[in-house]
Amino acid sequence: MTDKTDGWDEWEGIGVGFDVVGRLGVITLDRPKALNALTLPMIDRLRPRLDEWAADDGIAAVAIHGAGERAFCAGGDVIAIYEDGLAHKAGAGYGLTHSFFIGEYSLNHQIHTFPKPYVSLVNGISMGGGFGLSVHGSHRVVTERTTFAMPEVGIGLFPDVGGTWFLPQCPGRVGRFLGLTAHRCDGPDGMYVGYGTHAAAADRIGDVLDALSTADWSREQAYGVVDSVLARFAVDLGPAELAASRPWVDAAFGHDSVEAILDALDATEVEEAHASAAAMRRMSPTSLKLALEALTRGAEMAYRDCVTMEYRLMQTCMARNDFFEGIRALLIDKDKKPRWQPPDLPSVTDAEISAAFEPGDFKDLIVN
Ligand code: QUE
């Protein structure tokens with residue numbers, strides 16, 4: 001599978017490779033030094049290729065995996081968006097704060113509606129944009145090396161790429177917990193919350209890809225073929241720690257304000273609950289309130305309406321300061337001390353939060 005054949009020259013510098021092996025279309029996210037973080041050039045190559053593969057009867061299924069040992073995909077290329085946004089405020093830039101998210105959410109939607117099996121081999125880090133590239137497909141294979149998280153509230157954003165649609169479907173109040181604390185799930189947790197659909201051993205992932213690429217697609221429906229192949233590699237990753245946390249997670253995150261959730265976490269005797277409260281207190285206060293409202297609304301909404309909601313919220317985030325401050329503090333200066341504006345929860349008004357859900361001074365993103 002790692003053959004550097006014709007396609008290889010084309011991949012270099014672009015960050016994504018495409019191969020057809022048997023009747024399997026293989027996507028390789030290939031920026032290992034940047035943990036395969038998703039750039040707009042990668043998105044712009046993925047979208048036409050998925051359209052082509054959807055229409056091509058020679059392609060039975062698609063598999064996507066990450067190059068390198070560490071990551072499936074660490075998220076969107078937020079540093080590029082940050083740099084372009086700063087340039088834009090100075091009168092230059094390419095408008096990445098709009099175009100990146102239009103491209104990314106449209107790609108997520110293409111995967112959501114993809115008419116064939118789409119198999120993500122999530123052997124390593126999958127956060128934010130990596131979740132968006134995988135969760136919308138039919139099959140997500142996790143391993144003992146999987147780390148899955150929705151950490152956006154830590155950089156002045158909110159759980160997007162379909163997070164407002166997916167997280168409310170997690171057991172109990174676990175989705176709110178994941179979105180508001182950026183809790184890192186391991187493989188068993190990933191299976192428990194419904195992110196993973198299948199489990200395999202990390203050192204068999206290459207064999208899974210080989211088995212898919214040599215599968216006999218003629219005998220039954222492609223979805224059944226993929227199910228049978230993945231069943232051959234199935235392992236029990238063990239119990240999910242999150243399952244044991246349900247009592248305090250459900251009790252605290254059942255409250256309908258960020259302040260009430262924090263009070264409930266503080267009031268428990270559970271050490272992990274206190275750690276979660278401490279984590280939330282490091283997040284952008286505006287992001288926490290936007291995220292809770294978005295997850296509450298998203299629970300009642302169709303997927304395509306969640307996309308429009310997320311795009312509106314993201315444009316609000318791009319117009320505010322917390323995203324730029326979060327990237328500066330976590331990924332540029334690495335002082336890990338973001339100065340959020342406003343700095344505390346009481347200063348974030350309900351009016352500001354409601355306004356972020358309304359149409360803005362930009363074209364809505366509508367997907368079908
Ligand atoms: C929250 C995020 C992201 C993050 C950190 C957060 C994110 C993302 C990256 C990231 C990591 C490594 C890279 C890179 C980006 O970090 O989305 O380019 O090399 O992509 O707290 O949402």
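Hydrogens, waters and symmetry mates play no part in the numbers below; they use all other heavy atoms, side chains included. All ligand and atom numbering here is 1-based and tracks the order in the structure. None of the values given here were measured: they were computed from a predicted structure.
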Inset, instruction - With heavy atoms of A34 as the reference, note each atom of ligand 1 found under 4.0 Å away. - result: 13 (C), 19 (O)
Check ion pair [X]-[Y] (N to O, under 4.0 angstrom):
{"X": "D256", "Y": "R176", "result": "yes"}
{"X": "R281", "Y": "D266", "result": "yes"}
{"X": "D335", "Y": "R328", "result": "yes"}

Inset, instruction - Could you say whether the N/O atoms of G154 and ligand 1 ever approach to under 3.5 Å? - result: no
Legend entry - Sub-3.5 Å N/O-N/O distance, L35 and ligand 1: no
When you measure from [atom] to every protein heavy atom, which one gives the shortest distance, and what is it?
{"atom": "atom 16 (O) of ligand 1", "result": "L331 CD1, 3.8 Å"}
{"atom": "atom 20 (O) of ligand 1", "result": "G76 O, 2.5 Å"}
{"atom": "atom 3 (C) of ligand 1", "result": "I155 CD1, 4.0 Å"}

Inset, instruction - Give a yes/no verdict on a cation-pi contact between R49 and F18, requiring under 6.0 Å between NZ or CZ and the six-membered ring centre and an angle within 45° of the axis. - result: yes
Legend entry - Value rounded to 0.5 Å, distance of SG in C317 from CD in E152: 10.0 Å
Inset, instruction - To the nearest 0.5 angstrom, please state how far the CZ atom of F72 sits from the CD1 atom of I64. - result: 4.5 Å
Legend entry - Option nearest atom 21 (O) of ligand 1 (shortest heavy-atom distance, choices L330, D160, V153): L330
Inset, instruction - Out of A37, P151, A80, C73, indicate the one that has the non-hydrogen atom closest to atom 15 (C) of ligand 1. - result: A37
Inset, instruction - Consider ligand 1: state whether an atom of it lies below 4.0 angstrom from any non-hydrogen atom of A74. - result: yes
Inset, instruction - For salt bridge (Lys or Arg N to Asp or Glu O under 4.0 Å), just list the numbers for E259 and K289, CA-CA rounded to whole Å, side-chain angles, deciding distance to a tenth of an Å, and then say yes or no. - result: CA-CA 9 Å; E259 292 90 337; K289 289 197 172 181; 3.0 Å; yes
